[in-house]
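The structure under discussion appears below in the form of structure tokens.
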There are 2 protein chains.
Amino acid sequence: MNEKDPDQLKLENQLCFPLYACAKEIVRRYKPYLDRIDLTYTQYITMMVLWEERNITVKALGERLYLDSGTLTPLLKKLEGKGYITRERSKEDERSLIVSVTETGDELKSSAADIPFGIGKCVALEPQEAVQLYTLLHKILNGFENEPEK
Amino acid sequence: MNEKDPDQLKLENQLCFPLYACAKEIVRRYKPYLDRIDLTYTQYITMMVLWEERNITVKALGERLYLDSGTLTPLLKKLEGKGYITRERSKEDERSLIVSVTETGDELKSSAADIPFGIGKCVALEPQEAVQLYTLLHKILNGFENEPEK
DNA sequence: ATCAGTTAGATTGTATACAATTTAATTTAG
DNA sequence: CTAAATTAAATTGTATACAATCTAACTGAT
């Protein structure tokens, strides 16, 4: 496990690569399901937060989704265009934009209800392995939160 | 674990989301290291395959990296522009494009030698947990390979 | 109260990703 | 052998991502 072990630069010895590839491939497999409700994957996880929170600022949404305004601003404008959300400035702090789910957006949730099950079928893990993976990923994500301020 | 359990649509109950977020955040943490050698993450994993294989067709490269020509063609043209690779049609089959690492591209490998170690520090996992994660991710990826032809 | 510093979003520019289509080369079926 | 089918890249169009910058709104220290 040397710091300069040249084998560390082999693709098969990387941890990040299977993570990257897996995430990408699973998101790709969402597409046929998401096409039916006219959402992309990023739009879908955004709606997921809104189905739960009803309304949320762009900043809080970005923290939940690990996305910044450069990604969210155009995406939220698209969701607004589809009529699934509204965007309005906060009365208390005009800098903040509050995103809220519309009735149409809410109705989408029932159409999405079978998606997690459909995706589950394409991930070839036993239930207890899925829990293991979930735990490990969240451990990494929590590690990021405790990172030193840059 | 009902097929229509509404809680399945909560972000925190998703397996794909932490996968997506983790991959994205780790790639983002590569940036300062990769900036030094003027590569993006996708260019880096491409070079990693080339450091190992010396030369490879675009098709085989795409299979290794789970990327298609729509992503690879412009990326490979950039790597060619930087002088790290060459691109030439195969003599045996003019449809195939063979990508080869140049001497300059090869020299890059030693500059990259400390990157895996640097990234390792920002992933807060014990060595045995990293192995566990590696195993689970490869199990999912292998599951994809055995998928029915569409 | 004022202005320097901070904060929230929006914007700009670059680089992926990928579906769908196109083009050229190769293979195969009749 | 030749037309049809297949294959490998390239191209086109849409949608992320994210760093860097910008703008407007708020905060805080004096």
Side-chain angles (χ1 to χ4, degrees), chain A residues 17 20-35 38-47 56-82 87-99 144 149-150, chain B residues 17 20-35 38-47 56-82 87-99 144 149-150:
Chain A
F17 174 68
Y20 156 87
C22 244
K24 215 162 54 61
E25 289 303 301
I26 294 186
V27 166
R28 204 161 67 78
R29 280 159 177 80
Y30 268 97
K31 192 175 188 312
Y33 297 95
L34 292 176
D35 276 350
D38 189 29
L39 290 181
T40 63
Y41 180 72
T42 318
Q43 291 167 7
Y44 171 62
I45 58 178
T46 301
M47 289 308 297
I56 189 171
T57 62
V58 170
K59 179 179 164 56
L61 188 59
E63 283 165 1
R64 282 288 286 278
L65 300 177
Y66 297 84
L67 293 172
D68 70 5
S69 68
T71 302
L72 287 175
T73 297
L75 181 146
L76 293 171
K77 284 178 179 173
K78 273 172 213 136
L79 285 178
E80 188 181 37
K82 294 178 206 258
R87 297 162 67 247
E88 51 178 344
R89 291 285 162 181
S90 162
K91 295 282 185 299
E92 296 83 50
D93 186 340
E94 287 280 340
R95 289 172 304 179
S96 290
L97 188 87
I98 299 177
V99 181
F144 290 153
E149 311 292 311
K150 63 146 189 302
Chain B
F17 173 68
Y20 156 85
C22 245
K24 215 162 54 61
E25 289 303 301
I26 294 186
V27 166
R28 203 162 67 78
R29 281 161 177 77
Y30 268 96
K31 192 174 187 310
Y33 297 95
L34 293 175
D35 277 351
D38 189 30
L39 290 181
T40 63
Y41 179 72
T42 318
Q43 289 167 9
Y44 170 62
I45 58 177
T46 301
M47 290 307 298
I56 189 171
T57 63
V58 171
K59 178 180 165 55
L61 187 59
E63 283 164 1
R64 283 288 286 277
L65 300 178
Y66 296 86
L67 293 172
D68 70 5
S69 66
T71 303
L72 287 175
T73 297
L75 180 146
L76 293 171
K77 284 179 179 172
K78 273 173 213 136
L79 286 178
E80 187 181 39
K82 294 177 206 259
R87 298 161 67 247
E88 51 177 344
R89 292 282 162 181
S90 162
K91 295 281 185 299
E92 297 82 48
D93 186 340
E94 288 280 341
R95 290 171 304 177
S96 291
L97 188 88
I98 298 177
V99 180
F144 291 152
E149 311 292 311
K150 64 144 190 301

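Quick caveat: nothing in here was measured; it's all calculated off a predicted structure. Proteins get letters first, then strands, A, B, ... in listed order; numbering begins at 1 in each.
Note on B:Thr71: a base of the nucleic acid sits closer than 4.0 angstrom, heavy atoms only. Backbone-only engagement by A:Thr40 is indicated by non-hydrogen atom pairs under 4.0 Å involving sugar-phosphate atoms exclusively. Contact annotation for B:Leu72: no contact, since no heavy-atom pair falls under 4.0 Å across all strands.
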Steps toward side chain to side chain contact (heavy atoms under 4.5 Å, CB included) verdict (B:Leu39, B:Leu79): CA-CA 9 Å; B:Leu39 290 181; B:Leu79 286 178; 3.8 Å; yes

Could you give me the CA-CA distance, side-chain angles and deciding distance for B:Tyr41 and A:Tyr20, then say whether ring-ring contact (aromatic ring centres under 6.0 Å, His included) is met? CA-CA 10 Å; B:Tyr41 179 72; A:Tyr20 156 87; 5.3 Å; yes

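Minimum interatomic distance between A:Lys82 and A:Asp38 (heavy atoms only, all atoms of both residues): NZ-O, 3.0 Å. Contact between A:Thr46 and A:Leu61 at its shortest, heavy atoms only, is CG2-CD2, 3.9 Å.
Nearest-nucleotide positions on DNA chain C for B:Ser69 and B:Leu75 put B:Leu75 closer to the 5' end. Nearest-nucleotide positions on DNA chain C for A:Thr57 and B:Tyr66 put A:Thr57 closer to the 5' end. Judged by closest nucleotide on DNA chain D, B:Leu97 is the one of B:Leu97 and A:Ile45 placed further toward the 5' end. Each of A:Lys78 and B:Val58 was matched to the nucleotide of DNA chain D holding its nearest heavy atom; the match closer to the 5' end belongs to B:Val58.
With a cutoff of under 4.0 Å to any heavy atom of chain B, the contacted region of DNA chain D is bounded 5' to 3' by D:dT7 to D:dA19.
Computed from coordinates, the B:Glu92 CD to C:dT26 P distance equals 10 Å when rounded to whole Å. Between the CD1 atom of A:Ile98 and the P atom of C:dA10 there is a distance of 13 Å, rounded to whole Å.
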Anything under 3.5 Å between a protein N or O and an N or O of nucleotides 23-25 of chain C, put it in a table, one pair a line.
none

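Atoms CZ and CG, from B:Arg89 and B:Leu97 in turn, are 5.0 Å apart once rounded to the nearest 0.5 Å.
The closest side-chain heavy-atom distance from B:Lys31 to B:Leu34 is not below 4.5 Å.
Under the 4.0 Å criterion applied to side-chain N and carboxylate O atoms, A:Glu80 and A:Lys77 are not assigned as salt-bridge partners.
Between A:Lys77 and C:dT11 there is a side-chain polar atom (N or O) within less than 4.0 angstrom of OP1 or OP2.
Remark: the backbone N or O of A:Ser96 is not paired with any side-chain donor or acceptor of A:Lys59 at under 3.5 angstrom. In this structure, the side chain of B:Arg29 engages the main chain of B:Glu25 through a donor-acceptor pair within 3.5 Å.
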